[in-house]
J.: 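Here you go, one structure.
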Amino acid sequence: MTEADLHAALDTGRWADPRPGVVPAFFDGFASAAQVAAPLCEELGLVGWFYPPTEFLDCPPAQQRGFAAEHDLGVLDEDLAGDAPLAMTWDALADLATRHVVCGHSATHASSVSVRTAADVERQVHRPLARLTEVVGRRPAGWAWLGGTPFDPAAPGDAAVAAAGVRLWTSNAAVERLA
């Protein structure tokens, strides 16, 4: 389902397509999401939702394994031993955005609970949203934190995401619209 499909379903409470709505989500900005998952989605007629941590995409290939290990990106041991790039490129993300949905996922794969200060909010929310907007040409459709936490308006990072105009929130249990 596209961002527009999701908003239409949320507005009307109905899903017009005879097939069930699905939001295939690909977290963490791995190159395999662009090289394998996106083409498979396209082959199946699906729109993928991609959530890259922006500092991972900025990381030089030689440093990506260290970044992944330090920031809980769930890389397999055999992937840690290789030397192929782990992260997708910014060009690959821009290309994905022409056919798929791009969402925010912090700078470093942070959790909501770890974002407390103004400096944290700047690094983990504002800079990633600005960079994603610059690269894909529009504000990211949605947001998700490490751990898939539900939206909490009292959490500084969550409040900053909502104030920035991001309209959809992805948690472990749902995709919901922010007011």
Side-chain angles (χ1 to χ4, degrees), residues 3 6-7 23-34 37-38 48-75 79-80 85-97 100-179:
E3 177 183 3
L6 181 55
H7 282 295
V23 176
F26 302 95
F27 295 93
D28 304 342
F30 289 111
S32 60
W49 291 52
F50 294 84
Y51 298 78
T54 55
E55 288 185 15
F56 187 43
L57 275 60
D58 285 335
C59 210
Q63 297 172 12
Q64 289 173 359
R65 281 158 183 74
F67 183 97
E70 182 180 340
H71 297 285
D72 196 25
L73 287 173
V75 178
D79 291 329
L80 288 172
L86 286 179
M88 70 175 70
T89 65
W90 285 107
D91 287 342
L93 185 67
D95 182 57
L96 283 175
H100 299 280
V101 179
V102 173
C103 299
H105 195 41
S106 80
T108 64
H109 201 230
S111 64
S112 175
V113 71
S114 72
V115 177
R116 292 292 171 222
T117 68
D120 294 340
V121 169
E122 178 62 26
R123 180 180 185 197
Q124 299 294 349
V125 176
H126 293 302
R127 283 189 220 147
L129 288 174
R131 182 73 167 126
L132 290 168
T133 299
E134 172 191 331
V135 170
V136 305
R138 62 187 171 280
R139 173 77 57 201
W143 185 272
W145 290 110
L146 168 65
T149 54
F151 178 71
D152 177 1
D158 296 25
V161 170
V166 174
R167 296 190 60 214
L168 298 169
W169 191 269
T170 306
S171 68
N172 286 340
V175 178
E176 62 183 296
R177 186 165 39 201
L178 301 176

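FYI, the numbering just counts along the sequence from 1.
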J.: Can you give me the closest heavy-atom contact between Pro140 and Gly104, atom names plus distance?
T.: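 Shortest heavy-atom contact: CB-N, 3.8 Å.
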
J.: Got a sec, which pairs hit salt bridge (Lys or Arg N to Asp or Glu O under 4.0 Å) with one end in residues 135-163, sequence neighbours left out?
T.: none

J.: Any side-chain heavy atom of Leu96 within less than 4.5 Å of one from Met88?
T.: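 Counting from C-beta outward, Leu96 and Met88 do come under 4.5 Å.
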
J.: Judged by atom type as modelled, is there a donor-acceptor pair below 3.5 Å linking the side chain of Gln64 to the main-chain atoms of Ala87?
T.: yes

J.: Mind checking what makes side chain to side chain contact (heavy atoms under 4.5 Å, CB included) contact with Pro150, not counting sequence neighbours?
T.: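 Scan of Pro150 (side chain to side chain contact (heavy atoms under 4.5 Å, CB included), adjacent residues dropped) gives none.
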
J.: Under the salt bridge (Lys or Arg N to Asp or Glu O under 4.0 Å) rule, what pairs show up with a residue in residues 169-179, not counting sequence neighbours?
T.: Asp11-Arg177

J.: Listed by chain and number, what are the salt bridge (charged side-chain N to carboxylate O under 4.0 Å, His left out) partners of Asp95, not counting sequence neighbours?
T.: Arg99

J.: What pairs with Glu122 under side chain to side chain contact (heavy atoms under 4.5 Å, CB included), at least two apart in sequence or on another chain?
T.: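 Partners of Glu122 under the side chain to side chain contact (heavy atoms under 4.5 Å, CB included) test: His126, Arg127.
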
J.: With the side chain counted from C-beta on, respond yes when Leu132 and Trp90 share a heavy-atom pair under 4.5 Å apart, and no when they do not.
T.: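 Yes, close enough: below the 4.5 Å cut-off.
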
J.: Mind checking what makes salt bridge (charged side-chain N to carboxylate O under 4.0 Å, His left out) contact with Glu55, not counting sequence neighbours?
T.: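 With sequence neighbours excluded, Glu55 shows a salt bridge (charged side-chain N to carboxylate O under 4.0 Å, His left out) to Arg123, given in chain and number order.
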
J.: Side chain to side chain contact (heavy atoms under 4.5 Å, CB included) with Val161: which of Val115, Val166, Val121?
T.: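 Between Val161 and the candidates, side chain to side chain contact (heavy atoms under 4.5 Å, CB included) is satisfied uniquely by Val166.
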
J.: Phe30: what forms a ring-ring contact (aromatic ring centres under 6.0 Å, His included) with it, not counting sequence neighbours?
T.: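 If we apply the ring-ring contact (aromatic ring centres under 6.0 Å, His included) test to Phe30, skipping adjacent residues, the hits are Phe56.
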
J.: Whether the side chain of Asn172 engages the backbone of Gly147 through a donor-acceptor N/O pair (distance < 3.5 Å, no angle test) should be reported.
T.: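 Present.
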
J.: Using the ring of each side chain (for Trp, its six-membered ring), is Trp49 parallel, tilted or perpendicular to Tyr51, with breaks at 30° and 60°?
T.: parallel

J.: For Asp72, give me all partners under side-chain hydrogen bond (donor to acceptor under 3.5 Å, both in side chains), at least two apart in sequence or on another chain.
T.: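 Partners of Asp72 by the side-chain hydrogen bond (donor to acceptor under 3.5 Å, both in side chains) criterion come out as none, since no residue qualifies.
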
J.: Using the ring-ring contact (aromatic ring centres under 6.0 Å, His included) criterion, which residues pair with His105? Sequence neighbours excluded.
T.: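 Once residues adjacent in sequence are excluded, the partners of His105 under the ring-ring contact (aromatic ring centres under 6.0 Å, His included) criterion are Phe27, His109.
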
J.: Could you work out, with side chain to side chain contact (heavy atoms under 4.5 Å, CB included) as the rule, every residue matching Ala130, not counting sequence neighbours?
T.: none

J.: Nearest 0.5 Å, please: how far is SG in Cys59 from CD in Glu70?
T.: 9.5 Å

J.: The test is side chain to side chain contact (heavy atoms under 4.5 Å, CB included); show your working for Arg131 and Asp58 and say whether it passes.
T.: CA-CA 10 Å; Arg131 182 73 167 126; Asp58 285 335; 4.2 Å; yes

J.: Are Trp145 and Ser106 side-chain neighbours, meaning at least one heavy-atom pair lies under 4.5 Å?
T.: yes

J.: Can you name the residues that form a ring-ring contact (aromatic ring centres under 6.0 Å, His included) with Phe50, not counting sequence neighbours?
T.: Phe26, His100

J.: For Arg116, enumerate each residue passing the side chain to side chain contact (heavy atoms under 4.5 Å, CB included) test, keeping only those at least two apart in sequence or located in another chain.
T.: Val113, Asp120, Ala155, Pro156

